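A short worksheet on the structure shown next.
Letters A, B, ... mirror the listed sequences (proteins, then strands); counts begin at 1. Bear in mind the structure is a predicted one, so any value in this text is a computation, not a measurement.
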Number of protein chains: 2
Amino acid sequence: MKLKDFAREIGLSPTTVSRALSGYPEVSASTRVRVMEEAARLGYRPNINAVRLATGRAGAIGVVMTKAGDYQFSEFISGMADRLSSEDTDILITPMIGHDPGDELQLYRRLAESRRVDAVVIHSPLPNDPRIALLDRLKLPFIVHGRSVTDVPHAWLDIDNEGAIRQSTEHLLDLGHKHIALLNGREGLTFTLDRLKGYRQALTDRGIPFDPKLVSHGDFTDEIGFRFARSALKQRPQPTAFVAGSMMTALGIYRAARSMNLVIGRDVSVVAHDDVFPYLTAENMVPPLSTTRSSIRAAGKRIADLLLQILAGQQASDIQELWPVELILRETSRPAPEEASV
Amino acid sequence: MKLKDFAREIGLSPTTVSRALSGYPEVSASTRVRVMEEAARLGYRPNINAVRLATGRAGAIGVVMTKAGDYQFSEFISGMADRLSSEDTDILITPMIGHDPGDELQLYRRLAESRRVDAVVIHSPLPNDPRIALLDRLKLPFIVHGRSVTDVPHAWLDIDNEGAIRQSTEHLLDLGHKHIALLNGREGLTFTLDRLKGYRQALTDRGIPFDPKLVSHGDFTDEIGFRFARSALKQRPQPTAFVAGSMMTALGIYRAARSMNLVIGRDVSVVAHDDVFPYLTAENMVPPLSTTRSSIRAAGKRIADLLLQILAGQQASDIQELWPVELILRETSRPAPEEASV
DNA sequence: TTGAAAGCGGTACCAT
DNA sequence: ATGGTACCGCTTTCAA
């Protein structure tokens, strides 16, 4: 059933029906109620494509699937979905084509040109991220999940990566650890740099020298955690503690320690960052893992909310949220073992 | 730039331009080439919403996010995205509202009515799944990832769950295990029933009695794996092997065994089903995990492909794919320990 | 092979 | 408060 038929059916003009259904103020309350009831009864629904063509709105928020196999992705999306379920806005997943950084820019360009999304989310920004400059130029509204360093004013939401890692490192230093390894994210990303900053700051404050051999970069996989932890644990002096970027890398560290007959929480301390996943929880690990915690699901939810605000006219450059991160002590951060002669 | 302007610009009618760009046969080759070149040069792109209104196509495939925190979700979506990146078809994630089964049906109804997707994917079907009957009635094309048991003819793609678990169980029986526990999926789902069937079949074939206390149901989380494994390992006779539904439950079993000072691969054997995740791989576990393997990413890719075929006119009821599952032996499936006096 | 014009199903301006 | 109607930008029938 189309608007015209429906309107005729209930003896009103298409205009009035459209207004009643869209919540315009100039319709009388009684008419509105009647229209809504009739619509429900007769099962009338506006054709979404017609609405979009007429209004110019796409009714969707775009998310580019940057790379395969990011296990944080679904939690984030799920958070967005949570917020958007009450709106008439969908999430549009656009596959990343090719592998060059240039391909990704091309993708955003096409997304903007095809007008199939009203706004997009940018993940894992670089300092001075070219996507930000591009979207600003294309005038496609966006919000950055994470932070960049750029002159282009824009909306962003980030967790306090620097503070989180500083806290973790300080906590381990408090426990007497002198050789603390850091499993950082992919090189070049802003959050990776922020984490390094937090780590170095904590060391500097205590007068502990920075040793680049104790820092690694890479994706958050169990594999990379395992490899780096093993090689780090073979160094002398042996590190007595790890600050891990994610739950997956922490799993790798556990595995590496076991493979070398070291006991987590006794020989080796670990603090990891936990994005909070329903299927793998820090308190359930053996031993329970000390973490800095920040829900990526909550971030997705809030980001959807902020985008809706931007689309409603809110100034994007006014939106900047830095979320604090909570350090939760469990059983993997323990006093450093006595200095052994190695 | 709109079609009209573009057409005027290059001295042709909108009709011809439209046809040239959409690959209609009646346009002369030279005209087509010229139009395409000019379009690229002048940056003309059809407005997607206008196309959709005119054609009635939504240009998107819908996926309902059934529940939060499914770590398989992003791999599957990523596979779909892979196939769709060359098409003008997006993936639309629709958040699940509410928690009743009825809410989900309502959601599909709205999805169909709003015509914002051309087709949908159904996950985790029940035998005789009501969603299938509904979509069939609503005439919204769909494919089932998994299988149902229904009179409604429909497209589906599934892995051979029964065969996979039968193989795993037989393998463990071959190794002399007599008490094999099964960590199955959520109760009532078709794949859960299929897996149980495979397990029981293998036992029956060897004349081993079925013990319901050795079977558990639930989500694929580390937590559930841990809990069930611990309680199973406290039973007498103690199970000497586990067939696990997922990598996450396998992690839980590893953890449970360690917490009871049992050694995986010696005291306790494990075979798990692996959906293949880039961030957590069976060969990297300690010890490397024997698995039945089937890529969920490949399934997503193929499902997108099949949906495109259906949208192109292929008969949905002709599409039924059952994927075999490969058993890969690593170090966690070993001969049963000598019968101990307990 | 090309073009004119009537849809597709709404929204929103301008009247009343 | 309600209605008439010109768009929104493309596709597709029909005619040439």
Protein-nucleotide distance ([X], atom [atom1]; [N], atom [atom2]), rounded to Å:
X: D5(B); N: dC10(D); atom1: CG; atom2: C1'; value: 13 Å
X: L12(B); N: dA4(C); atom1: CG; atom2: P; value: 11 Å
X: K4(A); N: dT5(D); atom1: NZ; atom2: C1'; value: 10 Å
X: Y24(B); N: dT11(D); atom1: OH; atom2: P; value: 8 Å
X: N47(B); N: dG9(C); atom1: CG; atom2: C1'; value: 14 Å
X: M1(B); N: dC10(D); atom1: CE; atom2: P; value: 10 Å
X: R34(B); N: dT1(C); atom1: CZ; atom2: C1'; value: 14 Å
X: E26(B); N: dG3(C); atom1: CD; atom2: P; value: 13 Å

Do T16(A) and dA1(D) have a side chain to base donor-acceptor pair shorter than 3.5 Å?
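No pair found.
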
Test side chain to side chain contact (heavy atoms under 4.5 Å, CB included) applied to E9(B) and V17(B), step by step:
CA-CA 11 Å; E9(B) 195 90 13; V17(B) 171; over 6 Å; no

Out of V121(B), L134(B), L307(B), I132(B), which residue meets the side-chain contact (heavy atoms from CB on, under 4.5 Å) rule with F142(B)?
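Looking at V121(B), L134(B), L307(B), I132(B), the match for F142(B) under the side-chain contact (heavy atoms from CB on, under 4.5 Å) is I132(B).
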
Could you check whether D5(B) pairs with K2(B) (Lys NZ or Arg NE/NH1/NH2 to Asp/Glu carboxylate O, under 4.0 Å)?
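No, this pair does not count.
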
Quick one: is dG4(D) close enough that its OP1 or OP2 comes under 4.0 Å of any side-chain N or O from T15(A)?
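Result: no.
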
Short side-chain N/O contact from Y44(A) to OP1 or OP2 of dG9(C), under 4.0 Å:
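The answer is no; no side-chain N or O of Y44(A) sits under 4.0 Å from OP1 or OP2.
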
Pick base, sugar-phosphate or nothing for [X], based on heavy-atom distances below 4.0 Å to the nucleic acid.
X: S28(B); answer: sugar-phosphate
X: F6(A); answer: nothing
X: I48(A); answer: nothing
X: R45(A); answer: sugar-phosphate
X: R19(B); answer: base

5′-ward residue of the pair T55(A)/P25(B) relative to DNA chain C:
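Looking at DNA chain C, the more 5' nearest nucleotide goes with P25(B).
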
Determine whether more than 12 heavy atoms belonging to other residues, nucleotides or ligands lie under 6.0 Å from atom CG of D151(A).
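Atom CG in D151(A) is not packed in, count stays at 12 or less.
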
Of the candidate nucleotides [options], which contains the atom at the shortest distance from the side chain of [X]?
X: L53(B); options: dT2(D), dG9(C), dT2(C); result: dG9(C)
X: S18(B); options: dG9(C), dT12(D), dG3(C); result: dT12(D)
X: K2(B); options: dG9(D), dC8(C), dG3(D); result: dG9(D)

Apply side chain to side chain contact (heavy atoms under 4.5 Å, CB included) to the pair W156(A) and L322(A), showing each step before the final yes or no.
CA-CA 8 Å; W156(A) 57 262; L322(A) 185 61; 4.2 Å; yes

